[in-house]
Number of protein chains: 2
Amino acid sequence: MLSKKTKYGLKALAFLASQKDKQPVQIAEISRQENISQKFLESILLSLRKTGFLGSKKGKGGGYYLIKDPKEVLMTDVMRVLEGPISMVPCVSLNFYEKCEDCPDEKVCSVNKLMLKVRDANLSVYRNNTLADLIN
Amino acid sequence: MLSKKTKYGLKALAFLASQKDKQPVQIAEISRQENISQKFLESILLSLRKTGFLGSKKGKGGGYYLIKDPKEVLMTDVMRVLEGPISMVPCVSLNFYEKCEDCPDEKVCSVNKLMLKVRDANLSVYRNNTLADLIN
DNA sequence: TATTATCCTATTGATTTTATAGAGTAAACA
DNA sequence: TGTTTACTCTATAAAATCAATAGGATAATA
């Protein structure tokens with residue numbers, strides 16, 4: 001299941017990407033337009049800022065804005081920040097690899113074998129979609 | 001993340017599929033061979049029996065065995081039973097469809113749009129793999 | 001200096017996951 | 001018929017994660 005955090009984060013990014021100008025948009029407005037709890041959204045946008053997707057401006061006329069062109073924002077990067085690893089098990093993860101404790105040998109592990117295919121399928125979707133592809 | 005339930009369930013199914021004969025295998029043996037908590041495995045195997053993947057036999061010489069030929073067991077069916085919906089959001093689910101409360105219109109929803117592609121990518125993996133493909 | 005709006009930490013409540021315990025039931029076998 | 005074996009079932013509990021809330025701090029603007 002997609003976490004609400006990711007869902008809200010994607011909606012917020014798409015909302016910002018669909019703005020005509022590059023003017024900052026306030027959390028309150030995104031929260032209102034996208035039906036998202038404002039406080040929860042605050043923490044999500046903060047993490048997107050800290051990871052380089054968003055910029056922010058404080059005070060009157062402030063808010064959040066996209067740093068890059070939506071066409072340059074890969075879904076792989078967004079998903080890894082919001083949802084975490086794209087792989088369903090750490091032993092097939094490119095960016096978050098970890099050995100399974102219970103598994104004596106990955107090379108003959110049935111789960112590893114299947115999840116490798118799943119990872120590749122998901123990666124190819126996320127690599128071939130940018131933020132620009134999420135809006136119309 | 002893949003749940004332990006699914007991971008253990010897949011390993012148990014693969015273990016049963018790799019048996020030469022069709023003789024029942026005891027929970028205790030699967031648990032030992034695959035490093036799975038026996039009590040937890042019990043409940044997983046029970047659910048696989050109730051959903052038609054496994055048969056069981058009580059008493060001495062009893063245990064669990066595969067009902068169908070591994071080649072006939074699609075991963076879509078296994079995953080839906082063990083892990084639940086293949087879709088990451090209910091609004092793109094084939095078998096567990098549900099409308100999002102917060103979303104006014106799916107047709108213009110950025111999350112829906114992306115998750116539809118993800119669903120199709122995952123489905124194509126699960127539809128093109130059977131239990132037989134998990135073993136060597 | 002007053003207002004606006006982001007920044008940050010802490011905490012809480014709900015839900016899900018991952019088991020564990022223990023008694024019950026059915027089959028095999030001597 | 002009685003004992004052993006091994007699955008069946010329900011209940012419960014510990015742990016982890018998720019989703020949300022509270023409230024004050026900080027910085028920019030006018």
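Just so it is clear: chains get the letters A, B, ... in the order the sequence lines come, proteins before strands, and each one is counted from 1. Model, not experiment: these values are computed from the prediction.
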Distance, rounded to the nearest Å, where B:Lys4 contributes NZ and C:dT20 contributes C1': 16 Å
Neighbour count above 12 (heavy atom, 6.0 Å) for B:Lys99 NZ: yes
Between C:dA5 (P) and A:Glu42 (CD): distance, integer Å: 12 Å
OP1 or OP2 of C:dC8 under 4.0 Å from side-chain N/O of A:Lys50: yes
Side chains of A:Ser3 and A:Thr6 in contact at under 4.5 Å (non-hydrogen atoms): yes
Whole angstrom value for the distance that separates C1' of C:dA27 from NZ of B:Lys57: 8 Å
Sugar-phosphate, base or nothing in reach of B:Lys7, heavy atoms under 4.0 Å: nothing
Side-chain N,O (B:Ser56) to OP1/OP2 (D:dT8) below 4.0 Å: yes
Separation of atom CD1 in B:Ile44 from atom P in D:dC9, rounded to whole Å: 16 Å
Touch class at under 4.0 angstrom, heavy-atom based, for A:Lys39 against every strand present: base
Any A:Tyr8 side-chain nitrogen or oxygen under 4.0 Å from OP1 or OP2 of D:dA19: no
Whole-Å distance separating the CG atom of B:Leu46 from the P atom of C:dA26: 14 Å
Atom NZ of B:Lys22 with >12 non-hydrogen neighbours under 6.0 angstrom: no
Gap between atoms CD and P, on A:Gln38 and C:dC8 respectively (whole Å): 17 Å
Sugar-phosphate only, base, or nothing, as touched by B:Leu45 at under 4.0 Å among non-hydrogen atoms: nothing
Spacing between B:Leu48 atom CG and D:dT8 atom P, to the nearest angstrom: 12 Å
Value in whole Å for how far the P atom of C:dA27 lies from OH of B:Tyr64: 14 Å
